[in-house]
Amino acid sequence: MALTGRAALLAALGSLPVGILEPGWTGILAVNGSLALACACDYALAAPVRRLGLTRSGDTSVRLGDAADVTLTVTNPTGRPLRAHLRDAWPPSSWRPGTEVEASRHRLTVPVGERRRVTTRLRPTRRGDRHADRVTIRSYGPLGLFARQGTHKVPWTVRVLPPFTSRKHLPSKLARLRELDGRTSVLQRGEGTEFDSLREYVPGDDTRSIDWRATARQSSVAVRTWRPERDRHILLVLDTGRTSAGRVGDAPRLDASMDAALLLAALASRAGDRVDLLAYDRRVRALVQGRTAGDLLPSLVNAMATLEPELVETDARGLTGTALRTAPRRSLIVLLTALDAASVEEGLLPVLPQLTQRHTVLVASVSDPHIARMAAARGNTDAVYEAAAAAQAQAERNRTAEQLRRHGVTVVDATPDELAPALADAYLALKAAGRL
């Protein structure tokens with residue numbers, strides 16, 4: 001129960017004439033007694049909060065950055081009309097800063113035996129599961145002097161999925177894939193190692209593609225067309241160890257790696273390849289296997305939604321062993337990790353031959369664009385020292401990448417905005433060269 005501001009205002013106004021005309025206990029009792037009686041009547045006429053029925057419906061998942069609507073249905077089975085203020089509580093990260101009060105509080109009136117709906121709009125600022133907290137209802141009487149208050153637990157979960165901002169690059173990568181696959185008209189043959197079809201020679205074709213037997217059977221010169229191999233296996237490995245927690249811009253490195261993995265998965269599934277996902281640091285955090293092309297992306301974003309960086313050193317041997325068990329046949333293993341010299345030299349390099357002797361390995365890493373800006377800075381002593389430090393960091397990173405390349409690993413090192421398209425281009429280049 002709670003007194004309202006209206007009751008306090010009436011008590012303050014009633015004390016003025018008492019103090020002027022009839023100071024003493026008689027005047028105080030006359031004013032406060034009347035007010036207390038009015039509050040008691042108001043409390044009795046307010047709808048009981050505990051007997052209300054509450055149910056939820058609405059969105060159960062939303063992409064990070066979008067809005068989710070969760071509807072709360074309030075049923076009034078009591079014999080009194082409900083006049084109430086309602087607060088639908090959720091974790092702070094369910095809204096943008098400063099918008100929680102407006103989004104979570106509602107006013108409603110529910111006649112006897114009827115129901116009303118209120119909608120809470122969530123705009124989450126982090127990935128993961130957001131669980132509804134308590135619903136607090138303050139029920140007022142007709143005079144608005146006194147209120148009943150109570151809480152209800154109405155469970156509901158909204159899963160916040162990765163935003164997949166690199167989706168905008170997919171049409172251009174698919175166009176390049178169709179060109180490689182021979183489904184568009186090009187002057188040069190599509191590269192690959194699987195024979196596709198015969199067609200008539202046009203100027204500009206590689207003469208090595210001429211099929212002389214087919215040419216002898218017809219009146220025109222025939223050339224063979226090729227297409228990249230299909231039904232290859234791709235294993236996306238997300239390193240969720242401590243290096244993935246480093247923030248680049250406004251988000252952890254892990255988020256940029258997820259976005260790049262989603263674009264590559266969408267592209268590879270359209271190319272007819274099979275894609276699996278492994279997230280690992282010292283144990284398996286997520287594993288997606290055997291999904292069809294139509295079910296792949298929903299499964300990946302659902303598995304990635306709850307992934308968070310773990311502040312532990314990644315067990316490179318455990319990661320390698322798990323990857324080999326997950327990909328028993330020859331595959332393309334895409335490892336999304338950091339190019340830090342210490343973690344690569346002490347962790348990845350000693351076990352890398354186990355991967356490269358059986359699989360094609362591609363390492364993708366998120367670089368910090370602030371380092372590049374520091375390296376280009378000039379103008380004062382501090383800027384020059386910062387540029388020297390940035391140049392040293394870049395040189396060390398380049399040496400680490402070169403060590404990986406000497407082991408036959410393809411390395412993609414790009415900023416968060418450029419990592420996803422750069423990784424897709426590397427995949428297309430491997431496919432065009434017949435290395436998958």
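What you are looking at is a predicted structure, and each value in this text was computed from that prediction instead of being measured.
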How about [atom1] on [X], more than 12 heavy atoms from neighbouring residues, nucleotides or ligands closer than 6.0 Å, or not?
{"X": "E308", "atom1": "CD", "value": "yes"}
{"X": "Q357", "atom1": "CD", "value": "yes"}
{"X": "R406", "atom1": "CZ", "value": "yes"}
{"X": "R126", "atom1": "CZ", "value": "no"}
{"X": "R247", "atom1": "CZ", "value": "yes"}
{"X": "E114", "atom1": "CD", "value": "yes"}
{"X": "D250", "atom1": "CG", "value": "no"}

Give the C-alpha distance, both sets of side-chain angles, the deciding distance and a yes or no for side chain to side chain contact (heavy atoms under 4.5 Å, CB included) between L236 and L335.
CA-CA 6 Å; L236 303 173; L335 177 57; over 6 Å; no
Determine whether the side chains of H407 and T356 contain a donor N or O and an acceptor N or O closer than 3.5 Å.
no
Without swapping roles, check the side chain of R87 against the backbone of S104 for a donor-acceptor pair under 3.5 Å.
no
Would you say S139's side chain and A147's backbone share a donor-acceptor pair under 3.5 angstrom?
no
State, yes or no, whether a side-chain contact exists between P91 and H131 at a heavy-atom distance under 4.5 Å.
no
Should L72 and R117 count as side-chain neighbours, where that means a heavy-atom distance under 4.5 Å?
no
Going by side-chain hydrogen bond (donor to acceptor under 3.5 Å, both in side chains), H85 matches just one of R138, Q149, R107. Which one?
R107
Minimum heavy-atom distance D315-Y280, with the two atoms named
O-CE2, 3.7 Å
Residues [X], [Y]: salt bridge by 4.0 Å N-O rule:
{"X": "R291", "Y": "D276", "value": "no"}
{"X": "R399", "Y": "E402", "value": "no"}
{"X": "D281", "Y": "R242", "value": "no"}
{"X": "D66", "Y": "R123", "value": "no"}

Hey, could you give me the [atom1]/[atom2] distance between [X] and [Y], rounded to the nearest 0.5 Å?
{"X": "D273", "Y": "L296", "atom1": "CG", "atom2": "CG", "result": "11.0 Å"}
{"X": "S61", "Y": "R130", "atom1": "OG", "atom2": "CZ", "result": "13.5 Å"}
{"X": "S365", "Y": "D340", "atom1": "OG", "atom2": "CG", "result": "7.5 Å"}
{"X": "D368", "Y": "M374", "atom1": "CG", "atom2": "CE", "result": "9.0 Å"}
{"X": "S166", "Y": "D259", "atom1": "OG", "atom2": "CG", "result": "3.5 Å"}

Exactly one of R134, R121, R56, R105 clears salt bridge (Lys or Arg N to Asp or Glu O under 4.0 Å) with D88, and that residue is R56
